[in-house]
Number of protein chains: 2
Amino acid sequence: MTHPARRAPRSDARHNRARIVRAARAAFAEDPAAPLHSIAKAAGVGQGTMYRHFPGRQALLLAVYQEEVDALTDTAAGLLAAHEPLEALRLWFEHLTAGRSGGPGASLAVEAVAGTGPTGPGPDRPPAVAALDLLLDAGKAARQVRPDAEAEEVLLLASCLWRADEGPAGLARRRRMLTVIIDGLRVGVGH
Amino acid sequence: MTHPARRAPRSDARHNRARIVRAARAAFAEDPAAPLHSIAKAAGVGQGTMYRHFPGRQALLLAVYQEEVDALTDTAAGLLAAHEPLEALRLWFEHLTAGRSGGPGASLAVEAVAGTGPTGPGPDRPPAVAALDLLLDAGKAARQVRPDAEAEEVLLLASCLWRADEGPAGLARRRRMLTVIIDGLRVGVGH
DNA sequence: ACCTGAACACCGTTCAAGT
DNA sequence: ACCTGAACACCGTTCAAGT
């Protein structure tokens, strides 16, 4: 029995959790190393409360970006219906990168979501990885994507996209880096 | 006058600097987040001394890995003489990745060396970037590498290689990721 | 000119006391 | 069952005093 019928949380607990995530989102947007103290204060909860809900910065970062990343799961199917697999893949990453979700801590979050970060693989497979798998599998079926490509490592490669600078120069750089990744995933270019 | 004839440092200062770097190398090999306190203690110097030489962890990380990364500068020319440009590029990164220099903090260091990390571009262009430029330029001249490839972004892409796990599984993963990068840099694969 | 190490400030984490 | 916030431990950084 993996889920031993856990009772629904009390309403104040749910409220606090939501408040914390909202405060953290605002704080991380400015500075991914924002003190947890100040986040708790901004959320209007005690520090112990925050720690009960999220045992550490990593957990908090994940909760903040999880929603945005998960929202892209649905996008994947739509892109796949309207474009060729590799183009869909490119567009998917462009959404992921260019969206306002691209805060300074997004790279860390993506690694965490991919399960490749310091946390290691989580208990259940993250939806973002599943979405990427969908795109990759379609590409493999169409013989456009190399068969040995794995979702985790593609996400790991893509995580560096967020490390490029902001601004127009960074945008162009990110675009070039994305092109390298997409072309590198293409099948049949081996020397 | 960019170098206003700075006097040679006192011998105890030189010794201390070397001791600090050696202690830091050992400490970072285990844990890139090792406390600076303990590094100073292991080096047998006061904390202020360490701070005088290296104003922060980033500077220390850079000093530790700079040597190893710089050593590869020479390798570039040799590889280029013995192999085709793209193969030389692949081997260069393989050396960079597979060598025992691949501690857990190497990724941060590579980003710092590339000047793409939080530090921003340093005063003088890092030798590693120059070496990579050498390889890329040769590849462009041979019409093997896409003309718009820039050293900084290639290094940024490669920095994720160190984030893969250790062990045989991580090795295979790193190899696949490297293949994607190299093939993505190849010219003339645009859809 | 350089070094020392105590002192300060800051942040993460815990836990006894409360509701 | 959940929350609070003071308290503790830890780490980075500074600086007055020394050589």
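Bear in mind that the values here come from a model prediction, so they are computed numbers and not experimental data. A note on names: the letters A, B, ... follow the listed sequences, proteins ahead of strands, and every chain is numbered from 1.
Distance CE (A:M50) to C1' (C:dC15): 16 Å, rounded to an integer number of Å. Per the geometry, NZ belonging to A:K41 stands 14 Å off P belonging to D:dT4, to the nearest Å. When rounded to the nearest whole Å, the span between CD1 of B:I20 and P of C:dC3 equals 8 Å. C:dT14 atom P lies 13 Å from atom NE2 of A:H37, rounded to whole Å. Separating the CZ atom of A:R19 from the P atom of D:dC3 is a distance of 12 Å, rounded to the nearest angstrom. What separates CZ of B:F54 from P of D:dG12 is a distance of 15 Å, to the nearest Å. Following rounding to the nearest Å, B:R14 (CZ) and C:dA1 (P) show an atom-to-atom distance of 17 Å.
Heavy atoms of A:R52 sit under 4.0 angstrom from at least one base atom.
Neither OP1 nor OP2 of C:dC2 sits under 4.0 Å from any side-chain N or O of B:H53. The shortest distance between the side-chain N/O atoms of A:N16 and the OP1/OP2 oxygens of D:dC2 is not below 4.0 Å. OP1 and OP2 of D:dG12 both lie 4.0 Å or more from every side-chain N or O belonging to B:Y51.
Among B:I182, B:L185, B:L135, the single residue meeting the side-chain contact (heavy atoms from CB on, under 4.5 Å) criterion with B:V154 is B:L185. Of the options B:L178, B:L80, B:L136, B:L79, a side-chain contact (heavy atoms from CB on, under 4.5 Å) to B:L89 is made by B:L136 and by none of the others.
B:Q47 contributes a side-chain N or O that forms a donor-acceptor pair with the base of D:dT13 under 3.5 Å.
Nucleotide D:dC11 forms no Watson-Crick or G-U wobble pair with any nucleotide shown, as no partner meets the under 3.5 Å limit on both distances. For D:dT4, the paired nucleotide is C:dA16, the pair qualifying as Watson-Crick or G-U wobble because both relevant distances are below 3.5 Å.
Between A:D183 and B:R186, the closest side-chain pair of non-hydrogen atoms is not below 4.5 Å. Side-chain contact between A:R176 and A:V180: absent, with no pair of heavy atoms (C-beta onward) separated by less than 4.5 Å.
For A:R17 and B:L36, each mapped to the nucleotide of DNA chain D holding its nearest heavy atom, the one lying further toward the 5' end belongs to A:R17. Residue-to-nucleotide proximity on DNA chain C shows that, of A:R57 and B:A13, the 5′-proximal contact is made by B:A13.
The closest donor-acceptor contact from the side chain of A:R174 to the backbone of A:E94 lies at 3.5 Å or more, if one exists at all.
Candidate nucleotides D:dC2, C:dC2, C:dA6 were compared by shortest atom distance to the side chain of A:R10, and D:dC2 ranks first. In this structure, of C:dG12, D:dG12, D:dC3, it is D:dC3 that holds the atom nearest to the side chain of A:D12. Nearest to the side-chain atoms of B:V45 among the listed nucleotides C:dT4, C:dC11, C:dT13 stands C:dT4.
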